[in-house]
**Q** 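The structure is given below, and queries will be raised subsequently.
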2 protein chains.
Amino acid sequence: MRADAARNRALLLAAAEAAFAERGLDVSVADIAQRAGIGKGTVFRHFPTKDDLLAEVMLDRVHALTHAGKRLATADDPGAALLEFLTLAAERQQQNDLSVLREAHAVNERLSDARAAMFAQIDTLVGRAREAGAIRADVTGTDVALLMCAPGHVAGFAPHGGPDLWRRYLAIIFDGLRPHGARPLPVPPPTENS
Amino acid sequence: MRADAARNRALLLAAAEAAFAERGLDVSVADIAQRAGIGKGTVFRHFPTKDDLLAEVMLDRVHALTHAGKRLATADDPGAALLEFLTLAAERQQQNDLSVLREAHAVNERLSDARAAMFAQIDTLVGRAREAGAIRADVTGTDVALLMCAPGHVAGFAPHGGPDLWRRYLAIIFDGLRPHGARPLPVPPPTENS
DNA sequence: TATTAAGTTGACCGGGCGGTCCGCTTAGGG
DNA sequence: CCCTAAGCGGACCGCCCGGTCAACTTAATA
């Protein structure tokens, strides 16, 4: 692969990730190309369809989370490890990632596999946290996989919320996962209110 | 207003609500019209733009919730009242209602006013629940307004979840709002798992 | 029933989208 | 340094969308 092609590919992926995060999945390919400073045709040289581009962006994010999960799976405190994983997930996943992943099979087989790997990693983290008594006995990996995007999603709709508002909702939701009578986390105050 | 026009208008609103809920905000006007069994032109006779149609649908939903909130504001048990309100909200709001409401001002002034009225009603419910000690002292109406759509939203992404899966996540989230050491609600088991 | 205004309809329009293509540019090995 | 193939870019295509319009249909009144 030629050097300029590799550079443009990296530029394109970065621009696409930013564009999808800011404007949603409906950004036009032309917009992404302009943001990357390349021509529209070049986008389709690197990725046959817009969906393939999206899949590649998602693949990077899912892999990063999976690796973080693998690292945290051997931590001393399984409860803290799960919380840190959820923090990473909420931090990165500002947007509607789950809606993409749900239809991952239709988009891309590799992405579908990556999702399965991430879910398996979540199962491990949740299992360890459950055994350690850090979360309720009936909480499943699926529960956590579904709930982990909620803080970022929900905070995104705040009228005046600061950029860290998601931490507040992560704390609230995580406390809902804890066993009966657990002392809840200190909940960060809302930075601003309506 | 002529009788057939009123009938078509009702048919149209029902079809639009169903279509938006099932297919998202991107359903074409033509699809909605076909679903209602009327011509596409008739849609634009009743509502000048697609956004106006959407605003009318949302207006009905927001008003219904506001009225339910007003009824619950005088209930004996403020904690139970808030929970019932959240149950109603999660039950109806399967979809991305918040994303619409956030841009309500851009869509329609009446909708913007209706949203403000609903938020005020939520503030009342939350205030009463807080005073009764049913929820944490630091939980605000904005918190609840943001979190109330999360159960429906999150459950919608479950691969095999039953239609009542949102109840599970409502219970978890509501428990996160309760004061320290509160006995959590019984959490409905997941109907199915991945 | 005759009249008419209100209501309905689908063909039609401009615009923006994803995706294609071919002439131009340029990296990089011999 | 030159040649060539890999890479680039933007004009272009077909499609579908929201929205318009003029011809047609019908409910309601006298």
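In what follows, chains are A, B, ... by sequence order, proteins preceding strands, each numbered from 1. Below, each value reflects all heavy atoms present in this structure, side chains not excepted, and no hydrogens, waters or symmetry copies.
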**Q** Does R115(A) make a cation-pi contact with F119(A), if we ask for NZ or CZ under 6.0 Å from the ring centre and within 45° of the axis?
**A** yes

**Q** Without decimals, in angstroms, what is the distance between F44(B) CZ and dC12(C) P?
**A** 18 Å

**Q** Without decimals, in angstroms, what is the distance between R23(A) CZ and dC17(C) P?
**A** 12 Å

**Q** Of all the heavy-atom pairs spanning V126(B) and V139(B), show the shortest one and how long it is.
**A** CG1-O, 3.7 Å

**Q** Please state whether the phosphate of dG18(C), meaning OP1 or OP2, lies under 4.0 angstrom from any side-chain nitrogen or oxygen of K50(A).
**A** yes

**Q** Rounding to an integer number of Å, can you tell me how far R7(A) CZ sits from dA6(D) P?
**A** 18 Å

**Q** What integer distance in Å separates Q34(B):CD from dG10(C):P?
**A** 10 Å

**Q** Using whole Å, report how far CG of D26(B) lies from P of dG18(D).
**A** 9 Å

**Q** Taking atom C1' of dG18(D) as reference, at what distance in whole Å does atom CG of D51(B) sit?
**A** 10 Å

**Q** Answer yes or no: does a side-chain N or O of H46(B) lie under 4.0 Å from OP1 or OP2 of dT8(C)?
**A** yes

**Q** Taking the side chain from R178(B) and the backbone from I135(B), do they hold a donor-acceptor pair closer than 3.5 Å?
**A** no

**Q** I need the CG-P distance between L25(A) and dG18(C), as an integer number of Å.
**A** 11 Å

**Q** Cationic tip of R167(A) within the cone over Y169(A)'s six-membered ring, i.e. under 6.0 Å and within 45° of the normal?
**A** no

**Q** Heavy atoms only, 4.0 Å cut-off, all strands: where does V27(A) land among base, sugar-phosphate and nothing?
**A** sugar-phosphate

**Q** Measure from NZ on K40(B) to C1' on dA11(C) and round the result to the nearest Å.
**A** 10 Å

**Q** Which nucleotide wins on minimum distance to the side chain of V29(A), given the candidates dG9(D), dT8(C), dG18(C)?
**A** dG18(C)

**Q** When you check the phosphate oxygens OP1 and OP2 of dG7(D), does a side-chain N or O of R45(A) lie under 4.0 Å from one of them?
**A** yes

**Q** By nearest heavy atom, map R2(B) and V43(B) onto DNA chain C; which one lands nearer the 5' end?
**A** R2(B)

**Q** Is there a side-chain polar atom (N or O) of N8(B) under 4.0 Å from OP1 or OP2 of dT8(C)?
**A** yes

**Q** Mark yes or no for whether N8(B), through its side chain, and A5(B), through its backbone, hold a donor-acceptor pair below 3.5 Å.
**A** no

**Q** Taking only N and O in the side chain of S28(A), is any of them less than 4.0 Å away from OP1 or OP2 of dG16(C)?
**A** no

